[in-house]
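Please read the structure below before turning to the comments.
Numbering of ligands and ligand atoms starts at 1, following listing order. We number each residue from 1, following the sequence as shown.
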Amino acid sequence: KQKAIQEGLKQALATGYSILESGGSSLDAIEAAIMILEDNINFNAGKGSVYNSAEKQEMDASIMVGDSQQAGAVASVSRIKNPIKLARYVMENTKHVMMVGEGAEKIAKEGGFELVNPDYFASIENLERLKVTQEKEKLGTVGAVALDQSGTISAGTSTGGMTNKKPGRIGDSPIIGAGTWADSTVAVSCTGVGEAYIRTCAAHEISTRLRLGQDLKVACAEMLDMVAPLGGRGGVI
Ligand code: ASP
């Protein structure tokens with residue numbers, strides 16, 4: 001399993017990196033890398049998304065481009081194969097930043113996205129995990145950040161959320177400033193117990209700290225120290 005996860009990460013990294021090497025944008029690179037992880041059942045995003053308490057998958061994703069601070073997000077979508085792609089579509093083709101549920105799926109149809117049958121996300125392993133949530137909680141949200149040759153950085157995050165979450169619960173991953181952030185100096189993607197990341201605006205916190213002159217490593221460590229007391233076990237790219 002560990003090997004399969006490492007292979008998946010390698011493949012995502014190689015794909016994103018080759019886009020950057022050939023002069024592509026950081027936005028294209030992170031989208032391509034995240035789509036590979038969404039298509040891999042070993043990660044908690046897209047195909048491998050965990051079940052909520054109603055034995056259904058509700059997925060969240062967001063994307064942000066540093067220089068322009070353009071952003072897009074979708075939350076609580078259940079029929080989109082690659083939620084990160086729809087987040088980008090919202091960013092580029094609507095006046096909005098975040099769309100949820102049926103409205104987001106309607107936009108997807110209009111944009112020519114293929115809506116998959118919810119069976120596509122079925123997984124015995126994830127179903128078992130739901131039955132024994134405490135012991136087998138699946139983290140593994142996927143995220144990517146990239147810097148391209150023009151100097152633009154972008155960030156993206158995609159997730160099935162927390163196993164056993166209540167239907168309708170939305171975590172930090174699709175929330176710009178909480179789970180994802182990019183500006184002209186830093187691109188951030190978070191993973192962990194989303195409620196704590198929302199309550200601390202965790203991703204944006206790193207940007208604030210850098211603006212005030214803090215070192216990047218210290219900024220990341222101190223942000224994680226802020227989320228920890230709120231139950232925000234997790235990490236950050
Ligand atoms: N942050 C995600 C959420 O709360 C979960 C995760 O990162 O594993 O939905």
Side-chain angles (χ1 to χ4, degrees), residues 1-2 5 8-9 12 30 33-34 37-38 40-64 71-78 80 82-84 86-87 98-101 104 121 123 125-127 129-130 132-145 155-182 187-206 220 223-237:
K1 179 92 181 175
Q2 181 109 21
I5 288 172
L9 289 173
I30 59 152
I34 291 176
L37 301 173
E38 286 178 335
N40 185 326
I41 193 135
N42 293 303
F43 297 91
N44 177 17
K47 187 157 178 57
S49 291
V50 295
Y51 286 89
N52 67 14
S53 60
E55 296 191 8
K56 201 180 152 208
Q57 283 91 355
E58 290 181 337
M59 289 156 267
D60 304 332
S62 65
I63 201 159
M64 189 167 190
V74 292
S76 262
V77 291
S78 298
I80 307 296
N82 293 106
I84 196 71
L86 186 56
M98 189 175 195
M99 306 220 35
V100 305
F121 304 103
S123 145
E125 198 182 320
N126 282 337
L127 202 54
R129 191 169 271 122
L130 173 66
V132 281
T133 317
Q134 298 312 325
E135 300 99 283
K136 295 189 90 179
E137 195 177 62
K138 185 184 185 188
L139 296 173
T141 288
V142 307
V145 302
T157 311
S158 180
T159 189
M162 307 289 295
T163 301
N164 202 30
K165 65 185 180 181
K166 285 199 194 304
R169 178 266 190 189
I170 294 171
D172 61 315
S173 308
I175 299 179
I176 298 300
T180 302
W181 179 258
V188 183
S189 171
C190 299
T191 183
V193 180
E195 284 69 12
Y197 283 77
I198 295 173
R199 289 165 63 200
T200 51
C201 277
H204 188 262
E205 176 70 20
I206 293 182
C220 292
M223 178 279 269
L224 293 173
D225 286 347
M226 283 172 67
V227 296
L230 307 184
R233 217 161 23 82
V236 60
I237 306 172

A student checking ligand 1 against M162 at a 4.0 Å heavy-atom cut-off should list atoms 4 (O), 5 (C)
Please check if any side-chain donor atom of N42 sits under 3.5 Å from a side-chain acceptor atom of K1, or the reverse.
-> yes
Taken in chain and number order and not counting sequence neighbours, the residues that satisfy salt bridge (Lys or Arg N to Asp or Glu O under 4.0 Å) with E38 are none
Taking only non-hydrogen atoms of R169, do any sit less than 4.0 angstrom from ligand 1? yes
Exercise. Going by heavy atoms, is G179 under 4.0 Å from ligand 1?
Worked result: no
N/O separation below 3.5 Å, G161 to ligand 1
no
Those residues at least two apart in sequence (or on a different chain) that pass side chain to side chain donor-acceptor pair (under 3.5 Å) with S173 are none
| query | Is the shortest side-chain N to carboxylate O distance from E195 to R199 below 4.0 Å? | reply | no
Counting heavy atoms under 4.0 Å, the part of S173 that contacts ligand 1 is side chain
Original post:
Are any of the N or O atoms of E195 closer than 3.5 Å to those of ligand 1?
Top reply: no
Quick look: E58 vs ligand 1, heavy-atom contacts under 4.0 Å, and the answer is neither
- Message: Please check this pair: side chain of T200 against backbone of A196, looking for a donor-acceptor N/O pair closer than 3.5 Å.
- Response: yes
- Message: Contact between ligand 1 and G234 is defined here as a heavy atom of the residue under 4.0 Å from a ligand atom; is it met?
- Response: no
Open item on the list: Can you see whether T157 engages S62 through a side-chain donor-acceptor pair at a distance of less than 3.5 angstrom?
Closed with: no
Does the N or O separation between G192 and ligand 1 drop below 3.5 Å for any pair?
yes
Review point. Got an N/O contact under 3.5 Å between T191 and ligand 1?
Key: yes
Practice task
Give yes or no for whether the N/O distance cutoff of 3.5 Å, strictly under, is met between T141 and ligand 1.
Solution key: yes
